[in-house]
Structure formats: C-alpha cells, structure tokens
Amino acid sequence: MDPTPLLEMRGISKRFPGVVALDQVSLSVGRGEVLALCGENGAGKSTLMKILGGVYHPDEGELFVDGQPVKISGVHDAMDLGIAFIHQELNVLDNLDIAANIFLGREPLIRPFQLIDRKKIHADTAPLLKRLGLDIPSTTLLRNLSIARQQMVEIAKALSLNARIIIMDEPTSSLTLTETDRLLEIIAALREEGVSIIYISHRLGEVGQCADRVEVLRDGKNAGGLARAEINHDNIVAKMVGREITNVRIPSEAKQTPGYLKVRNARSSRYPDQRVSFDAARGEILGFAGLVGAGRSEIMKAMVRLDDHGAAEVTLGEKSLVIRHARDAIGNGIFLVPEDRRQEGLVVGMTIRENTTLPSLGTCSTAGLISRARETAVANEQIASLKIKTPGPEALTRNLSGGNQQKVAIGKWLAMGPQVLILDEPTRGIDVGAKAEIYRLVRTLANEGSVILIVSSDMEEVLHLSDRIAVMHEGRITGVLDQADCTEQNIMQLAVGRPLAAAKPAFL
C-alpha cells in the first residue's frame, strides 16, 4: 500500500475579526481511513473542514492531495479533487425534490435543447436512496421531509459524487439509532472501497465504533491524536477539554407540583386525525422519545401555535390559556427552542446581543427606546452562564460554531425566566463538555420550578435527563415510563407501537 497520505494539511491558520480560529493546525488522512476529528465547540473543527471543502481560504498553510500541492479556491475545486462535504447545517433547497437537490449544479442535460434530463437524475437517485435505506420517492419535496431525512439526502448527495474524501460534520445529530447504525454500516463499506472519511461528532460512542484514528483540536490548535487501540471516551475527553467531565445523572431537588401543565387534544398538521394529551409536573423534566416521524416536534409546535393547522388546549396551574399565536405562548411564559436553530431559532446575521434580547426587548427599553446597556448586560449574563465562546456580545451569530449558536438559541429564552421550556434536540452539535453544562442548567431550571419538555433523538440524553419519558408512535403517545422503567428496550418497544405493561397513561 502507498504510504503517502491521501490528504495532508500543514500549518493551517485562519483568523476572523477578533478571533484566531485556527493556529498552525496540521492533519493527514490515509487512503481508506476513517479519521475522527474531535474537539469542543469553537475548537476549529468546522473551520478546518470548510477550508478543505473550499468554503474558506486559509491565511497560512499548505494542502497536499496524493503528495502533490493543491490550491482549493472554491467548492468546485474541492469537488474536482474528489472531496465532498456534508455540512452540519443542512445545505438543501426545500422547494426542490430529492433528485434535484442531489444533482443541483451538475444536472445532466438533454442536448441540443439544454434541458435538464429529469428522467436520468431520478433514475440515478433511486439506488442512492435504496443504499441508505430510504423508502421514499425521489420526487418528494424536501420541505415534506423531517430534518433527519433531509440529512440523509445530504449524505446521498455526497455518495453521488463518487468522492475519494467525504467530510461528515455531525452527520447523526438528527438521526435515530436505526438510521445511525445504517450510516455506520455505510461508512464501513466506503472504507472497504478505499474512500477516506473525516468524521466530526460529539457522540463519542460513534467515534469509538467507526474511527481508525482520532485527531483532537483545542482552541484552534492540535491537541494530539489517538491510535485505534487508544480510542475511548475518557482519552478523547482528556484531550478535548483538559479536565474531567462527569456524566452522573443530576437528581431532582424540585418539590414537584403534579399536573401543573396540562395539554389536551393537541393535534398537528402532520397527524391531523390524532389527538395527544399529557400532564407534566412543575419542577419535572418530561422527555419525549420516538422514531423520526413520530410527531414529537410537531406537537410541540402545535402547543405554541407555530403549526398553522395545529392546536392544543393548554392549562398552566389553574389558568386555561388561550393560545392563538406564538406571542400568546410567549406571553404566558411558554418558550420553544426549535430543532432547526438557523432557520427557526436565530437570525444569524444579527449579533449575539440582538439575538439574545430579541424576544425580550420590552424589558430592555423605556418609552419605546431600546437601552443598549441593558441589552449588553442580558447578553453578557447568558454568555457567561452558557460559556459561549465569543469575543463579545457584538460578534455576529453566523461566525459562531454550531454548538455556540445553539447556546445563543437557548440563552435568549433563559433570559426571560420560562414557566415552560420546550427543548427540541437541545444539544444537537454540542460537545461533551457543553452538554454537561446544559444538563446542569436544565436541571437547575426544573429545580427552580420550571416545567421542562425535552424532545431528543439521542437515547442516552433522554434517559440521562428525564424524570419520565413519553414515547410517541405515528402521532400518538403509546405510553409514559417512570424513571425506574426507562430503558432503551422499553422505549424502543413503545416507539414501534407495541404495548408494554410497564407503561403508564400520559396523565398524572
């Protein structure tokens, strides 16, 4: 086998206003090797990969492919070199169908008329979807797919390029266990075919399953590597954060008030004929589990009227709420941190200060005039509380790492003191250290009397955080598990619609 690495990045540096994102970082990848790139949010992982993918240009450093120096001036240069990039933030057009998204910008044409050969792109898309285990027509519009399935379309796009190097940035962040297992099988098959994978993930269990080697970044610099035999959770974390991260479940200290939140007859546009009802106690963390497409996110949006065709009867304490618009939910202290932070949770062109105070400008103003000093104080409090890595509150949100953007999306609602906080995939793209911080923060909020509803596709997360778990299947709650009965096996049995003796009704 040729010992020359397929890819080498030497001494790569990149600076943004007020931030040194990368400082003399080097990386190499062998042929048919799965290299896991790990690090905390803001460590520089995505920036390094965006340089490789032609999105950013390095300020310093050299790139070599097959031992030859190369210059990547744009995305097409990277594609021509056989480099495909599956971004953490989805790069799809939801008004186009699956086939059009996969072949966007490189559509086959019918000559001499220069018309897109749609018959060919659909024919070429079908085996890609089959390879990924997606039993859906290639004519399906992206807007009709869940985030998880949109992410699988991104993976299909990379496979369609016959790439030599595939960069996967948090590819399983919205996938179920079944979909994740399928992806890991695909990665193993690609490795056997000689394709190299650069795999970025905060789910360290996956790293241990698929990686041949680990390279760790910390604060924009190389922090060291691990050979296959050295890869385990503790070794990766030690290099990532330089401190011990405890993953012990934080016990509830709240004096719970049963039935403080009552939701009755909630319906969503996805499952208009189904009705969902449940109770949650004040001081409780109620998790919602289920397979992708079970309707969990849709019910949460229906509660706060972000689903135009959804509705729910909501009672908080002794008060029956009238929620006709999202502002009614906000006015009653019911806040939703959505699954898709960039499209629904943030205005990435605004600063951290502006995003953090956007829903609470009334408390930062007098006689209609916004106080910059009050805004800055609120933003700085959340930056410190959530340990957001940023040069300051005036930094543009788009320049933050994905995990730090998520912290801003959470922080803007924490600043308002929620009665009910709904967290949809709250730690998607967040590193192990930041997860522990957010878990403690969520438990603290519950202990102070908030009702916390958590939707998560991360089984470990929902088991770790929840006092009870409501499991959904095809738009309905199939059962609720008390903490003592919360196991992966019980959750999966309910998630596929099978009855379980240990399951309780959804009411307290």
Side-chain angles (χ1 to χ4, degrees), residues 32 34 36 49 53 79 82-94 96-108 118-201 203 205-207 209-211 290-294 297 339-340 425 428-429 457-459 492 495-496:
V34 179
M49 291 301 98
M79 290 170 62
I83 299 169
F85 195 161
I86 301 170
H87 292 268
Q88 179 179 345
E89 305 298 344
L90 297 179
N91 189 23
V92 296
L93 298 178
D94 66 1
L96 298 181
D97 64 29
I98 292 172
N101 269 278
I102 288 175
F103 288 94
L104 186 66
R106 50 194 181 91
E107 298 89 347
R118 291 194 58 80
K119 185 176 179 180
K120 178 171 174 55
I121 65 173
H122 284 286
D124 290 347
T125 296
L128 296 172
L129 298 180
K130 184 177 180 180
R131 189 175 178 184
L132 292 171
L134 289 176
D135 186 20
I136 47 178
S138 59
T139 53
T140 305
L141 292 178
L142 264 287
R143 70 164 63 100
N144 295 329
L145 298 181
S146 66
I147 294 292
R149 289 195 162 189
Q150 289 182 24
Q151 200 160 25
M152 296 296 272
V153 171
E154 283 277 72
I155 295 168
K157 186 191 302 184
L159 295 177
S160 74
L161 293 167
N162 294 316
R164 302 169 67 198
I165 301 169
I166 300 180
I167 305 162
M168 297 186 176
D169 192 353
E170 297 289 348
T172 65
S173 58
S174 293
L175 303 187
T176 63
L177 288 173
T178 302
E179 289 166 329
T180 296
D181 289 342
R182 178 61 184 147
L183 177 62
L184 295 180
E185 290 172 3
I186 290 166
I187 289 171
L190 290 170
R191 176 207 278 135
E192 291 299 314
E193 295 168 11
V195 178
S196 300
I197 309 288
I198 302 176
Y199 192 87
I200 302 174
S201 180
R203 295 182 176 180
E206 293 171 12
V207 170
Q209 285 180 263
C210 72
L291 302 177
V292 169
S297 298
E339 177 182 13
D340 190 338
E425 304 292 351
R428 181 180 172 220
S457 299
D458 185 335
M459 185 72 77
M492 289 306 298
V496 297

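Along the sequence shown, the residues carry numbers beginning at 1. Only this structure's heavy atoms are used, side chains among them; waters, hydrogens and symmetry mates stay out.
To the nearest 0.5 Å, atoms CE (Met152) and CG (Leu134) are separated by 5.0 Å. One distance of note links CD1 of Ile83 with CD1 of Ile198; it measures 8.0 Å at 0.5 Å rounding.
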Donor-acceptor contacts, no H, no angles, side chain residues 155-168, under 3.5 Å, sequence neighbours left out:
from	atom 1	to	atom 2	distance (Å)
Lys157	NZ	Asn91	O	3.2
Lys157	NZ	Glu154	OE1	3.1
Ser160	OG	Arg106	NH2	2.4
Ser160	OG	Lys157	O	2.5
Arg164	NH1	Asp66	OD2	3.2
Arg164	NH2	Asp66	OD1	3.0
Arg164	NH2	Asp66	OD2	2.7

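The backbone N or O of Glu339 sits nowhere less than 3.5 Å from a side-chain atom of Glu425 that would complete a donor-acceptor pair. With Arg191 contributing its side chain and Cys210 its backbone, the two residues share a donor-acceptor pair below 3.5 Å. A distance-only check finds no donor-acceptor pair linking the side chain of Ser201 to the backbone of Glu170 [under 3.5 Å].
Residue Thr125 forms a side-chain contact (heavy atoms from CB on, under 4.5 Å) with just one option from Ile98, Asn101, Val153, Asp97, and that option is Ile98.
Pairs passing the side-chain hydrogen bond (donor to acceptor under 3.5 Å, both in side chains) check and including a residue from residues 126-138, sequence neighbours excluded, read His122-Ser138.
Of all heavy-atom pairs spanning Leu142 and Gln150, the tightest one is O-NE2, 3.0 Å. Residues Gly290 and Ala495 approach most closely at CA-CB, 4.1 Å, considering heavy atoms. Across all non-hydrogen atoms, the minimal contact from Pro171 to Leu183 is CB-CD2, 3.8 Å. Between Leu132 and Arg182 the shortest heavy-atom distance is O-CG, 3.7 Å.
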Legend entry - Residues Glu206, Tyr199; criterion side-chain contact (heavy atoms from CB on, under 4.5 Å); working and verdict: CA-CA 10 Å; Glu206 293 171 12; Tyr199 192 87; 2.7 Å; yes
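Side-chain contact between Thr140 and Leu145: present, with at least one pair of heavy atoms (C-beta onward) separated by less than 4.5 Å. Taking 4.5 Å as the limit, every side-chain heavy atom of Asp169 sits out of range of all side-chain heavy atoms of Met49.
Partners of Glu107 under the salt bridge (Lys or Arg N to Asp or Glu O under 4.0 Å) rule, at least two apart in sequence or in another chain, do not exist in this structure.
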